[in-house]
Engineer: 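Here you go, one structure.
Atoms within each ligand, like the ligands themselves, are counted from 1 in listed order.
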Amino acid sequence: MDCLFCKIIAGDIPSKKFYEDDEMIIIADIDPKAKYHYLLIPKKHFKLLADMTEEDATLLGRCLKKIPTLTEELHLQGGYRLVVNQGDNPGQTVPHLHVHILAGQKMGWQPA
Ligand code: 5GP
Ligand code: ZN
């Protein structure tokens with residue numbers, strides 16, 4: 001499949017990996033928008049929350065639950081923001097569901 005994140009998961013494109021198990025990887029974003037900016041990427045390819053099966057939903061739950069277990073490694077002590085871009089309006093550029101993890105600084109923009 002011609003998907004950037006599937007290629008990163010397969011190891012065909014190098015990335016700075018912070019965590020990996022059978023279901024997910026957490027890597028550094030190549031173009032950080034905060035002092036610390038990671039991408040949590042489920043290994044299963046799907047683009048949108050709208051595409052998820054019930055099983056995918058529990059997978060995503062496990063992905064989110066993993067984040068606070070990595071507080072030290074990811075420098076999340078001061079808190080963090082999760083962003084999931086979905087489709088065109090927010091500007092999703094990679095069509096493989098991923099969760100941005102932003103941390104390490106005060107964030108000026110309050111999107112919600
Ligand atoms: P989106 O805009 O789809 O929510 O987020 C895609 C993210 O992937 C962007 O923040 C972008 O910087 C990041 N990205 C794009 N290409 C690469 C790459 O080759 N390696 C890594 N680590 N991140 C990438
Ligand atoms: Zn993919």
Engineer: Any side-chain to backbone donor/acceptor pair from Gln105 onto Lys35? Under 3.5 Å, distance only.
Structural biologist: yes
Engineer: Flag Gly91 as yes when one of its N or O atoms lies below 3.5 Å from any N or O atom of ligand 1, and as no otherwise.
Structural biologist: yes
Engineer: How long is the straight-line distance from CD1 of Ile8 back to NE2 of His96, given to the nearest 0.5 Å?
Structural biologist: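 Answer for the NE2-CD1 pair, His96 versus Ile8, is 10.0 Å.
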Engineer: With heavy atoms of Phe5 as the reference, note each atom of ligand 1 found under 4.0 Å away.
Structural biologist: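 Going through ligand 1 atom by atom, the ones under 4.0 Å from Phe5 are 8 (O).
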Engineer: Are Lys44 and Glu23 within salt-bridge range, i.e. N to O under 4.0 Å?
Structural biologist: no
Engineer: I'd like to check whether Asp29 has a polar contact with ligand 1, where a contact means an N/O of the residue lying under 3.5 Å from an N/O of the ligand.
Structural biologist: yes
Engineer: Looking only at protein heavy atoms, which one is nearest to atom 24 (C) of ligand 1, and how far off is it?
Structural biologist: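 Ranked first by proximity to atom 24 (C) of ligand 1 is Ile30 CG2, 3.4 Å.
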Engineer: Considering distance alone, does some N or O of Leu4 sit under 3.5 Å from an N or O of ligand 1?
Structural biologist: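 Such a contact does not occur with ligand 1.
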Engineer: Nearest protein heavy-atom contact for atom 5 (O) of ligand 1: which residue, which atom, what distance?
Structural biologist: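 It is His98 NE2, 3.0 Å.
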Engineer: Give the atom numbers and elements of ligand 1 that come within less than 4.0 Å of a heavy atom of His100.
Structural biologist: 1 (P), 4 (O), 5 (O), 7 (C), 10 (O)
Engineer: For His100 and His37, take the angle between the two ring planes, folded into 0 to 90°, and tell me which bin it lands in: parallel under 30, tilted 30 to 60, perpendicular over 60.
Structural biologist: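 The arrangement is tilted - the two ring planes meet at 30° to 60°.
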Engineer: Take a 6.0 Å sphere around CD of Glu54 and say whether it holds more than 12 heavy atoms from other residues, nucleotides or ligands.
Structural biologist: no
Engineer: Would one find an N or O of Thr93, backbone or side chain, under 3.5 Å from an N or O of ligand 1?
Structural biologist: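 Yes; the residue has a nitrogen or oxygen that sits under 3.5 Å from a nitrogen or oxygen of the ligand.
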Engineer: Has Asp12 got more than 12 heavy atoms of other residues, nucleotides or ligands less than 6.0 Å from its CG?
Structural biologist: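 Counting neighbours around CG of Asp12, more than 12 heavy atoms of other residues, nucleotides or ligands fall under 6.0 Å, so yes.
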Engineer: Looking at ligand 1, is there an atom of it that comes within less than 4.0 Å of some heavy atom belonging to Val84?
Structural biologist: no
